[in-house]
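Let me begin by presenting the structure, written as structure tokens, before commenting on it.
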Amino acid sequence: MNSNEFIPTQPVVLGFDPGKDKCGLAVMGLDRQLHYHQVVPSDNAIATIDKLRQKYPISLIVMGDQTTAKSWKQQLQQKLSEQVKIVLVDERYTSLEGRDRYWQMYPPQGLTKLLPKGMRTPPRPIDDIVAILLIERYLNRLTESVNEL
């Protein structure tokens with residue numbers, strides 16, 4: 001373990017963007033501090049989530065509510081070593097937002113900078129960025145409901 005690595009003690013949220021071949025994972029604190037993000041093969045997703053739960057105090061899994069959500073939610077509940085609350089959030093437009101966020105996190109270099117924003121394609125899968133957006137949507141929903149009180 002890197003001695004500079006900060007392991008949070010406060011509960012964190014795991015974002016999960018499941019797919020047929022690959023899944024995006026992200027771990028973020030309620031303070032919106034990003035601790036981890038990675039794209040993993042779908043076959044390794046549950047094992048990776050179990051490992052992340054050993055490392056981070058994950059209190060909740062947030063995942064998108066689209067196509068494969070129900071079957072993945074069921075798999076997680078059956079196969080994870082310990083039960084955890086799973087919340088589904090609206091994942092519409094997250095792929096488009098994910099592309100924009102990718103370029104914010106990793107500004108284009110070289111010739112890519114010259115391309116119009118809409119024509120830039122990230123050089124790697126962005127499922128992990130989508131997982132970050134899902135957590136942010138969940139946290140925004142929490143903040144909105146607190147502000148309405």
Side-chain angles (χ1 to χ4, degrees), residues 1-109 112 120-149:
M1 184 168 93
N2 182 339
S3 59
N4 296 337
E5 190 176 12
F6 171 73
I7 302 293
T9 54
Q10 297 298 312
V12 294
V13 177
L14 176 91
F16 181 47
D17 179 37
K20 192 167 71 85
D21 301 317
K22 59 190 172 9
C23 297
L25 296 168
V27 175
M28 182 183 284
L30 299 178
D31 58 359
R32 296 179 187 248
Q33 175 81 40
L34 184 62
H35 298 288
Y36 170 93
H37 63 102
Q38 191 73 49
V39 177
V40 299
S42 296
D43 298 348
N44 298 352
I46 290 175
T48 304
I49 291 171
D50 265 333
K51 281 185 192 142
L52 289 171
R53 291 181 68 204
Q54 290 166 22
K55 184 173 181 175
Y56 298 102
I58 294 168
S59 60
L60 177 71
I61 295 178
V62 174
M63 58 187 274
D65 61 358
Q66 297 297 302
T67 335
T68 60
K70 282 188 178 66
S71 66
W72 269 104
K73 184 176 180 181
Q74 205 171 18
Q75 277 187 67
L76 289 171
Q77 288 168 331
Q78 289 169 356
K79 295 180 182 172
L80 283 176
S81 59
E82 288 176 49
Q83 287 300 300
V84 65
K85 186 175 178 193
I86 300 171
V87 176
L88 299 180
V89 295
D90 182 2
E91 71 173 282
R92 282 177 297 186
Y93 312 117
T94 49
S95 296
L96 286 171
E97 284 178 39
R99 210 164 69 174
D100 289 345
R101 177 66 64 87
Y102 175 87
W103 293 115
Q104 286 172 11
M105 291 171 73
Y106 307 100
Q109 305 292 314
T112 312
R120 291 182 198 144
T121 305
R124 66 166 184 81
I126 57 165
D127 307 64
D128 57 332
I129 311 284
V130 170
I132 293 169
L133 294 171
L134 293 172
I135 297 172
E136 289 175 351
R137 284 187 178 188
Y138 171 76
L139 294 175
N140 289 344
R141 210 169 68 190
L142 278 186
T143 312
E144 286 162 12
S145 58
V146 167
N147 290 339
E148 289 168 5
L149 296 177

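Atoms CD1 and CE, from Ile135 and Met63 in turn, are 13.0 Å apart once rounded to the nearest 0.5 Å. Expressed to the nearest 0.5 Å, how far OH of Tyr36 lies from CG of Leu14 amounts to 9.0 Å. The CZ atom of Arg53 sits 5.5 Å away from atom CG of Leu80, with the distance rounded to the nearest 0.5 Å. Note that CH2 of Trp103 is 10.0 Å distant from CD1 of Ile126, once rounded to the nearest 0.5 Å. Here CG of Leu76 is found 5.0 Å from CZ of Phe16. Values are rounded to the nearest 0.5 Å.
Applying the salt bridge (Lys or Arg N to Asp or Glu O under 4.0 Å) criterion to Arg32, with sequence neighbours excluded, gives no partner residue. Taking the side-chain hydrogen bond (donor to acceptor under 3.5 Å, both in side chains) definition, one finds that Asp50 meets it with Ser81, sequence neighbours left out. Checked against ring pair (Phe, Tyr, Trp, His ring centres under 6.0 Å), Tyr102 has the following partners two or more places apart in sequence or in another chain: Tyr106. By the side chain to side chain contact (heavy atoms under 4.5 Å, CB included) test, Gln75 pairs with Ile46, Trp72, Lys79, sequence neighbours left out.
Using a distance-only test at 3.5 Å, with no hydrogens or angles considered, no donor-acceptor pair links the side chain of Arg120 to the main chain of Pro108. With hydrogens and angles ignored, the 3.5 Å screen pairs no side-chain donor or acceptor of Thr68 with any backbone N or O of Gly19. Between the side chain of Gln83 and the main chain of Gln77, a donor-acceptor pair closer than 3.5 Å is present. Remark: side-chain polar atoms of Asn44 are not paired, donor with acceptor, to backbone N or O of Val40 under 3.5 angstrom.
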Donor-acceptor pairs under 3.5 Å, side chain of residues 21-28 to any protein atom, not counting sequence neighbours: which ones?
unit_1	atom_1	unit_2	atom_2	d
Lys22	NZ	Asp127	OD1	3.3

Side-chain donor/acceptor pairs under 3.5 Å, residues 86-99, sequence neighbours excluded:
unit_1	atom_1	unit_2	atom_2	d
Asp90	OD1	Arg92	N	3.0
Asp90	OD1	Arg92	NE	3.1
Asp90	OD2	Arg92	NE	3.1
Asp90	OD2	Arg92	NH2	2.6
Glu91	OE2	Asp65	N	3.3
Glu91	OE2	Gln66	N	3.0
Thr94	OG1	Glu91	O	2.7
Glu97	OE2	Arg137	NH2	2.8
Arg99	NH2	Gly118	O	3.3

Go through it in stages, so that I can follow the logic: the residues are Leu34 and His37, the test is side-chain contact (heavy atoms from CB on, under 4.5 Å), and I'd like the CA-CA distance, side-chain angles, deciding distance and then a yes or no. CA-CA 8 Å; Leu34 184 62; His37 63 102; 3.5 Å; yes
How far apart are the C-alpha atoms of Arg141 and Glu136, what are their side-chain angles, what is the distance that settles it, and do they pass the salt bridge (charged side-chain N to carboxylate O under 4.0 Å, His left out) test? CA-CA 8 Å; Arg141 210 169 68 190; Glu136 289 175 351; over 6 Å; no
Please evaluate residues Asp128 and Asp17 with respect to the criterion side-chain contact (heavy atoms from CB on, under 4.5 Å), reporting the C-alpha separation (whole Å), side-chain torsions for both, the decisive distance (0.1 Å), and the verdict. CA-CA 7 Å; Asp128 57 332; Asp17 179 37; over 6 Å; no
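No side-chain heavy atom of Val13 sits less than 4.5 Å from a side-chain heavy atom of Ile58. In this structure, Gln104 and Arg101 have side chains that are in contact, with non-hydrogen atoms separated by less than 4.5 Å.
The two residues Ile132 and Met105 make their nearest non-hydrogen contact at CD1-CE, 4.1 Å.
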